[in-house]
There are 2 protein chains.
Amino acid sequence: MAAESPGIAFLLSQLGAQAATQFGARVEELGLTPPLVGVLRMISAQPGLSQQQLAGELGLLPSKVVAFVDDLEHRGLVTRTRGTRDRRVQHLTLTAGGTELLDEVIEVGARHEDAFCQALAPDERAQLKALLEHLARSHELAPGVHPGYRWIR
Amino acid sequence: MAAESPGIAFLLSQLGAQAATQFGARVEELGLTPPLVGVLRMISAQPGLSQQQLAGELGLLPSKVVAFVDDLEHRGLVTRTRGTRDRRVQHLTLTAGGTELLDEVIEVGARHEDAFCQALAPDERAQLKALLEHLARSHELAPGVHPGYRWIR
DNA sequence: TATTGTTATACTCTATAACTATA
DNA sequence: TATAGTTATAGAGTATAACAATA
């Protein structure tokens with residue numbers, strides 16, 4: 001019955017959705033989606049990782065990884081290389097174009113960050129970031145890995 | 001090329017998804033989903049509103065509202081009443097059971113809030129909440145209305 | 001003719017499970 | 001027999017547009 005004002009959890013959910021949507025709109029202009037950005041980031045951080053590893057670390061279904069990598073490969077952003085010891089695995093690496101595009105994504109991300117936080121003064125941003133990092137650590141959220149909105153097991 | 005650490009926007013997106021997922025798991029035990037909770041909340045805040053109004057305020061498709069209200073009506077949580085002046089509109093109100101269930105949802109929400117922020121001291125929570133409210137206002141997010149994750153036009 | 005709510009349909013998206021090739 | 005990747009398929013979910021009743 002109490003007309004409750006939204007708490008921290010709801011505000012996070014609201015603002016998080018807003019941030020994700022706006023970021024999605026920005027990377028769309030680069031022909032990407034947020035999940036594809038996550039894939040590029042992960043391959044950049046761990047060049048040569050297999051599709052299984054990628055699926056495991058990002059929480060994606062293997063069949064979905066195939067579709068993503070197909071897409072990125074056809075666009076010349078990623079290469080698949082058969083393993084020499086185990087010829088079943090596909091090792092993933094970024095092409096020069098992929099690295100270039102990821103750099104653009106990072107720039108876009110920086111602009112997004114700045115625009116989204118525009119209302120906050122520098123010291124407020126630092127405060128907020130510290131609090132959010134604290135909270136994220138307490139929930140054991142891997143830095144840079146998005147929990148996604150449906151593929152939680 | 002820079003190995004950037006996640007910024008505020010990404011942390012918000014990460015934590016927001018986590019908060020939403022955990023809240024969804026809690027209300028699932030009450031037989032509800034987050035969107036259904038939003039519908040119940042809105043009807044409680046504006047008893048007698050029409051389905052069109054509900055769709056407009058929550059950003060839902062009219063056909064989706066029909067499905068939601070069908071569901072809630074069949075469970076005896078909401079009633080439809082034809083308008084007397086304009087017999088096309090359906091006025092929505094909560095039943096006693098609906099109000100009761102919403103009260104439970106609010107309790108669940110309070111427990112969720114507390115659990116989610118467990119790592120933060122009371123003064124940190126107050127700080128964080130103030131910063132988030134500031135940010136939410138700057139993005140013109142209506143208090144209590146979730147922007148959702150797909151139905152942005 | 002326009003609007004409210006409803007229904008039907010076409011479309012996309014996701015998950016599951018078969019399938020192949022290697023091991 | 002088990003595993004990495006791939007393909008195919010069935011199911012769920014979504015948006016679009018047709019529809020009936022009322023204005």
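Order of the sequence lines sets the chain letters (A, B, ...), proteins ahead of strands, with each chain counted from 1. Computed over heavy atoms, backbone and side chain alike; hydrogens, waters and symmetry mates excluded.
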**Prompt:** Mind checking whether B:Val78 and B:Leu54 sit in one hydrophobic cluster, side chains of I, L, V, M, F, W, Y counted as touching below 4.5 Å?
**Reply:** yes

Numerically ordered, the residues 25-48 of chain B set in heavy-atom contact under 4.0 Å with DNA chain D is none

- prompt: Any donor-acceptor pair under 3.5 Å linking the side chain of B:Gln53 with the backbone of B:Gly48?
  reply: no

Requested in this report: Look at the side chain of B:His139 and the backbone N and O of A:Phe116, then say whether any donor-acceptor pair between them is shorter than 3.5 Å.
Outcome: yes

Are the side chain of B:Ser13 and the backbone of B:Ala9 linked by a donor-acceptor contact shorter than 3.5 Å? no

Does A:Val145 offer a backbone N or O that forms a donor-acceptor pair with the side chain of B:Gln14 under 3.5 Å? yes

Examine distances only and state if a side-chain atom of A:Ser50 and a backbone atom of A:Gln90 form a donor-acceptor pair shorter than 3.5 Å.
no

Here the distance between atom C1' of D:dT6 and atom CD of A:Gln52, to the nearest Å, is 11 Å

Would you tell me if any nitrogen or oxygen in the side chain of A:Lys64 comes within less than 4.0 Å of OP1 or OP2 on C:dA15? no

note: B:Leu61, atom CG; C:dT6, atom P; distance rounded to Å ~ 15 Å

- So, the side chain of A:Arg80 versus the backbone of A:His91: is there a donor-acceptor pair under 3.5 Å, distance only? no

In this structure, CG of B:Leu49 is separated from OG of B:Ser44 (nearest 0.5 Å) by 11.0 Å

Next on the checklist: OP1 or OP2 of D:dA4 versus the side-chain N and O atoms of A:Gln53: is any pair under 4.0 Å?
Outcome noted: no

Result for 5'-nearest mapping on DNA chain C, choosing between B:Ser50 and A:Ser63, is B:Ser50

Residues of residues 68-90 of chain B with a heavy atom under 4.0 Å from any atom of DNA chain C, listed by number, are B:Arg80, B:Arg88, B:Val89, B:Gln90

